[in-house]
Amino acid sequence: MAGGIRKKLHLHRFRPFRPGKESIQPEHSLIGGPGFSRVVYCNNTESQKVLTYGNNYVRSTKYTLASFFPKSLFEQFRRASNVYFLITAILTFTPLSPSSPVSTVLPLALVIVAAMVKEAIEDWRRKMQDIEVNNRKVKVHRGEGVFDNAKWLNLQVGDIVRVEKDEFFPADLILLSSSYEEAICYVETMNLDGETNLKLKQAVDATSKLHEDSGFQNFEAVIKSEDPNANLYSYIGSLQLEEQQYPLTPQQLLLRESKLRNTDFIYGVVIFTGHDTKVMQNSTAPPSKRSKIERRMDKIVYLLFFILVLISFIGSIVFGISTREDLENGTMKRWYLRPDDTTIYYDPSRAPVAAILNFLTFLMLYSYFIPISLYITLEIVKVIQCTFINQDLHMYYEETDKPAQTRTSNLNEELGQVDTILLDKTGTLTCNSMEFIKCSIAGTAYGRGVTEVERALSRREGLPSAKEVTNGEGQVENSTKAAIKGFNFFDERITHGNWVNEPHADVIRKFLLLLAICHSAVPEVDEETGRISYEAESPDEAAFVIAARELGFEFYERTQSSILLHELDPVSGWKVQRSYKLLNILEFSSSRKRMSVIVRNMEGKLLLLCKGADSVMFERLKKNGREFEEQTQEHINDYANAGLRTLVLAYRELDEEEYNKFNEEFTGAKNSVSADHEEMMEEVAEKIEKDLILLGATAVEDKLQNGVPECIDKLAQAGIKIWVLTGDKMETAINIGFACCLLRQGMKQIVISSETPKIKALEKVGDNSAVAVAFKANVLQQILEAKESLTTLRKSSEALALIIDGKSLSCALEDDVKGLFLELALGCASVICCRCSPKQKALVTRLVKIRTGRTTLAIGDGANDVGMLQEADIGIGISGVEGMQAVMSSDIAIAQFRYLERLLLVHGHWCYRRISIMICYFFYKNIALGFTVFFFEAYASFSGQTAYNDWYLTFYNIIFTSLPVAALGILEQDVSAELCLKFPLLYQEGVQNVLFSWFQFLGWAFNGVLNAILIFFFCSHAMEHPAFRKGGEVAELEILGTVMFTCIVWVVNCQIALSTNYFTIKNHRYIWGSIISWYIFLLAYGAMNPNISTTAYKVFIEACAPAPSYWLLTLFVVITSLIPYFTYKSIQQWFFPMYHQMIQWISKDGQSDDPEYCQMIVKVLQITFTHEDLHIYYEETDKPARAHTSNLNEELGQFDIILSDKTGTLTCSSVEFVKCSMAGTANGSGATEVERAWRKGSPLAQEVTDEESQVEDYTGELPSINGNWVDEPRADVIQKFLRLLAICHTAIPEVDEEMGRISYEPESLDEAAFVIAARVLGFEFYKRTHEHLTA
């Protein structure tokens, strides 16, 4: 194909690109001052050598050969555990050590070396990438007009280079000339900013004629420039050539890592090299991210440190007391220790010193509580897990040959704990591949295609035509998808030239003409097929040009200052060639939101053709140019509702005088390089882009990626909250939400918008300060109202969606509002933030991450998503068509959004489970070993004598128990990938952290302590007195240690066998191989010289192996130690099963394909969530929600009417005496709930509430109200009233003998309130007999 492409571009002759006379602007006077000191001698090596600028070598490695050893060592000893082991290793060289130095130093050395090797391998990969980049070739001027190939790393500032088409720029260059006559070139900056559109660059006029290599033979110039900085979009410099000064701007700057496109070659001078280039100045180290499990693991390590120090302190105290009592009044208590003739370590006269020294011994002895190999094993396991993710063919996108790519291994388990996903829309949910599908011309809608959003809308509204529309038009669409990329338009009224028969054919012609001319696309002709393709700045623009071509207006070449078309002649019906002279291009910008071109047709008419957003186009129409405005606006709204992106097209004719005046002003503004350059150009363009005549509007569809609705639906079923942060309009975002199942039928929408009548009225007045204040108050009011409705809607179990626009979001993110906004958002199932800026995306992500404390995942594909990706706990980059910026800033890269489902629900769940159980098991096995050491120390009076040989302990974590736990972390699966996807609710195990909670860890720790107790006490008591050898000798210390260690190796390896759900040959090999390796070690190590093997010398072959009691005791202890865990797991699995265990039942019973049975299990899981919901747990009575059936879960979200009892259902069934009327006088100042409800909203509501609270507090003091009624006018009536309350009842008094307080047991709650009221008011009923009441 490359050989068949012929391009004849003559954009160098375009009038819009001709430079005017350059002028030195005020900011150029800064050159030579601070920050503007760089001087570059072009093509003058001798002069340039005087200035010591850096070379072009770029290094992205973390280490150098010289710094690797000290720097990597520093990295390893940043971990507290490694520092501790280093201190203990140093202490082993003192007499305090209970073990040999080698046995302690070796494990630490192996762990450190392994970690350093891993660091070296990762850095070597970065080194290889650096070597590949630095050794790329570019042509450099060597003198005499000769250019030779040179490596990038050898480039120096001032070198002249020649860069060919489709090559990357090797450094930051100043463009001197190109293959085009006026020295323009096209540059692709995808690697810099993620944008795929081409940027136009142009050299200064003084160097634009240097088109040949030989032209540089005598070329010399001096460039004075700003110093290196990170600003990609600004540059200030000057070029001095032949004593003339020429200003340099970003228009002449070519940045490293950008690519030359559609230009045969360019010449440039190197201005910044290596780390001085702008792309390297912008490169920052990605934020260091650690998973929540790893952070909790650190806390567990610190807890074990505390326990280690505590038991060391207890042991040293006990040892000190025992040592002090060894020698009292000349009597030796433990005479065999010879306390009268001993060292300082056991000297009774210096017991405190001995205790302190013994404390240090214990710190070394109990070091096995801390798993020394945990961190390095964890890192290795995570790297292998990443390999599995990378090699998963279900996440390989064949079309672009892109597999999943994990760029960090720190966050594997975090993938299984995601609570909230924040995602971009364009390019993430959609393909970012635009298709022209509909249009409105002269008030008539054309295009019969059906969009994804329209199908979803039909399904949502239950229209009977939904299916017919899909079926009826699906065939047409399918037939065209493979035919023309970017064109999915079907309407026989205007296709195949039929538009000439339409009522407004002249308007249609102008509409299509505008599509064919108003753009910056570049045509490419395939000489073999004659087919024309287009290189456009955006996918939208390419779709417009293709649509014009397919409808009869083919743009095929740009020559000189013209655009050439093959245009359908409405009279003859034949295609004719027409030329349009291109005079000016008014480029699109985010502030202008429109693009215009000025052309002269073959009849000599001046035409301004303009396309832009409806928000800026309608206001520029002339009064008699609004003929189709109402219909067009209606069609635009329909297109937006269908999820389409729209642009309005309009034109006007210009007279010569108006154009000449405009052109003069525009040329002056364009050639200006002042700070307000852009504003000047926009101001001039504003003057001529007016009085337009409306033609119509276009509608292009950015199609959803395959599988997006299904993926989002599955993630929602997994209980994951999904937020969409998009730059689209609210209407478009809402409809895309329905298309991708983010919004569902029946879901209540809470909309917070800045488009309110009050704000619009204030904006018309123009008081900015008043608008800002009112705007914030309006947003706050909407949030508060939404929160109130949220409380009401929650009671009805109705799913909610929050939709907020960008302006409102800026207020919602302010410090005093963001808490309320987040509270509202968290109460909704889906959140859509429209018109979001990149900064707002990052701020929202930070808010959710910090305030909720839950795991957040951000996913995007463009440079505008980088902040969001780096801010989230996990950043996922989509390797789509918007460049690699998002991928380079992400933690994991995938090619399609639908792969997120498998990444989270399968790999995330597996990794979370593997890492959680692996870490818990690591601590378990070390706690089990550590406490046997502690129990033996207690048995040996805390003397510091160890029960085990040094090398037993050394190889415990390295050989005897390391491989099974690594296999568990790599291979474990509780359920298959298919069942993970079939039961997405299983994912909640990770979100709720059920496998690595403090309860789980303490359970494993308890199991370790229990195993240590059983192992130690069974072994010590079984071997204390009976004969062990054939000769009748009892077991010595080394035999006891070997037997205990044998039991430990068996128990911890069998424990991991019980904890494994998914057995492979490797699991069996590692588990049973580890046990066998223990016996091989005993044989080999015991056969060594006694000076080496010490207490292990032939202990197995001579003592243990021949003794039946050794084997029987091992079997008994192993079974006894495993029974508690086995019993617990059996009871838990049968009576309190976890989610994955329920699903395992389905799989084992062969019912995973039975939909009814699977639905039952899903409902049971839902019931479990209901039971565990703390929002419906009543702490006062310790009563959670209880579901007595799982058949009606879905009904909870569908009921229409609630029938409720009042007493005890709406009320508390707790009656209080509040008011009374006695002798015609109302008494009682208390306020009821009903009265408060009546008064709510009144201006006095707050005052009333305050007064009532004071009254209630006051009446709570009994002495202040007792007896006051005697002063009332009708005291006798009051007396009779109260006496009646005290007598007329059936209550029985009960007296608390301790307190003297009387309570009552009445027949009704009302009766109890009356008796209590009488008592409080002076008539206390305290005794009842058969005949009398006593008060």
Side-chain angles (χ1 to χ4, degrees), residues 62-63 67-94 96-123 288-291 293-312 359-383 408-410 915 918-927 929-930 933 950-951 953-962 965-966 969 1001:
K62 190 175 180 180
Y63 308 102
S67 68
F68 172 74
F69 190 74
K71 204 171 178 181
S72 59
L73 271 181
F74 173 75
E75 288 291 325
Q76 298 310 312
F77 288 107
R78 289 174 66 182
R79 288 177 174 157
S81 58
N82 286 347
V83 174
Y84 165 71
F85 285 116
L86 177 64
I87 294 171
T88 57
I90 294 171
L91 289 175
T92 56
F93 290 93
T94 68
L96 294 169
S97 176
S99 58
S100 64
V102 177
S103 63
T104 305
V105 172
L106 181 62
L108 177 63
L110 289 175
V111 168
I112 296 297
V113 168
M116 291 174 67
V117 168
K118 173 182 172 289
E119 288 281 318
I121 291 172
E122 290 181 350
D123 215 45
S288 179
K289 297 181 181 180
R290 297 185 71 207
S291 69
I293 284 183
E294 199 167 333
R295 289 195 289 269
R296 176 166 289 184
M297 183 179 72
D298 289 343
K299 294 178 182 177
I300 293 174
V301 170
Y302 295 140
L303 174 63
L304 291 178
F305 271 132
F306 173 76
I307 294 173
L308 186 153
V309 173
L310 179 64
I311 63 175
S312 298
F359 174 77
L360 297 175
T361 300
F362 287 147
L363 287 181
M364 290 180 275
L365 190 60
Y366 298 145
S367 63
Y368 298 97
F369 273 101
I370 312 298
I372 187 171
S373 58
L374 171 59
Y375 286 100
I376 184 61
T377 305
L378 197 59
E379 289 182 4
I380 293 171
V381 164
K382 285 185 176 183
V383 168
T408 177
S409 61
N410 294 337
I915 296 298
M918 175 185 166
I919 295 172
C920 287
Y921 176 80
F922 245 109
F923 287 121
Y924 152 77
K925 69 184 182 68
N926 278 66
I927 287 172
L929 175 66
V933 175
D950 301 347
W951 290 100
L953 297 172
T954 298
F955 290 127
Y956 179 73
N957 283 312
I958 297 175
I959 297 177
F960 306 138
T961 61
S962 60
V965 68
F1001 165 72

Open item on the list: side chain to side chain contact (heavy atoms under 4.5 Å, CB included), that's the test. Do Lys925 and Asn957 meet it? Break it down for me.
Closed with: CA-CA 9 Å; Lys925 69 184 182 68; Asn957 283 312; 2.5 Å; yes
Open item on the list: Assess the residue pair Leu304 and Ile307 against the criterion (side chain to side chain contact (heavy atoms under 4.5 Å, CB included)); give the C-alpha distance rounded to whole Å, side-chain angles, the decisive distance to 0.1 Å, and a yes or no.
Closed with: CA-CA 5 Å; Leu304 291 178; Ile307 294 173; 4.3 Å; yes
Task: Verdict with supporting geometry, Ile311 and Phe362, side chain to side chain contact (heavy atoms under 4.5 Å, CB included) - done: CA-CA 8 Å; Ile311 63 175; Phe362 287 147; over 6 Å; no
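By the side-chain hydrogen bond (donor to acceptor under 3.5 Å, both in side chains) test, Thr361 is found to be paired with no residue, residues two or more places apart in sequence or in another chain being considered. When the ring pair (Phe, Tyr, Trp, His ring centres under 6.0 Å) test is applied to Phe85, no partner is found at least two apart in sequence or on another chain. Considering only residues two or more places apart in sequence or on other chains, Phe359 meets the ring pair (Phe, Tyr, Trp, His ring centres under 6.0 Å) condition with none of them. Asp950 meets the side-chain hydrogen bond (donor to acceptor under 3.5 Å, both in side chains) test with Ser100; sequence neighbours excluded. Under the ring pair (Phe, Tyr, Trp, His ring centres under 6.0 Å) criterion, Phe305 pairs with Tyr84, sequence neighbours left out. When the side-chain hydrogen bond (donor to acceptor under 3.5 Å, both in side chains) test is applied to Asn926, no partner is found at least two apart in sequence or on another chain. Phe922 pairs by the ring pair (Phe, Tyr, Trp, His ring centres under 6.0 Å) definition with nothing, not counting sequence neighbours.
Between Pro101 and Phe93, the closest heavy-atom pair is CB-CE2, 3.6 Å.
Summarising the geometry, atom CZ belonging to Phe68 is positioned 10.0 Å from atom NZ belonging to Lys62; distances are rounded to the nearest 0.5 Å. Here OG of Ser291 is found 11.0 Å from CZ of Arg296. Values are rounded to the nearest 0.5 Å. Within the model, atoms CG of Leu363 and OG1 of Thr88 stand 9.0 Å from one another, a figure rounded to the nearest 0.5 Å. Taken from CD1 in Ile958 to OG1 in Thr954, the straight-line distance is 6.5 Å, to the nearest 0.5 Å. In this structure, CG on Leu374 lies 12.5 Å from OG on Ser962, to the nearest 0.5 angstrom. One finds the CD1 atom of Ile372 at 11.5 Å from the CD1 atom of Ile376 (value rounded to the nearest 0.5 Å).
The list of salt bridge (Lys or Arg N to Asp or Glu O under 4.0 Å) pairs with a residue in residues 81-91, not counting sequence neighbours, is empty. Under the side-chain hydrogen bond (donor to acceptor under 3.5 Å, both in side chains) criterion, the residue pairs touching residues 364-383 are Arg79-Glu379, Glu294-Lys382, Asp298-Tyr375, Lys382-Glu413, with sequence neighbours excluded.
No donor-acceptor pair under 3.5 Å is formed between the side chain of Thr104 and the backbone N or O of Ala89. Looking at Tyr956, its side chain never comes within 3.5 Å of a backbone N or O of Trp951 through a donor-acceptor pair. Under the 3.5 Å distance criterion, the side-chain polar atoms of Asn82 are matched with a main-chain donor or acceptor of Gln76.
Side-chain contact between Leu303 and Phe1001 is present, with at least one heavy-atom pair separated by less than 4.5 Å. Looking at Leu953 and Leu929, their side chains come closer than 4.5 Å, going by heavy atoms from C-beta outward.
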Please tabulate, for the side chains in residues 106-119, all donor-acceptor contacts under 3.5 angstrom to protein atoms that are two or more places apart in sequence or on a different chain.
unit_1 : atom_1 : unit_2 : atom_2 : d
Lys118 : NZ     : Glu122 : OE2    : 3.1
Glu119 : OE1    : Tyr63  : OH     : 2.8

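Within a 6.0 Å radius of CZ in Phe77, other residues, nucleotides and ligands contribute more than 12 heavy atoms.
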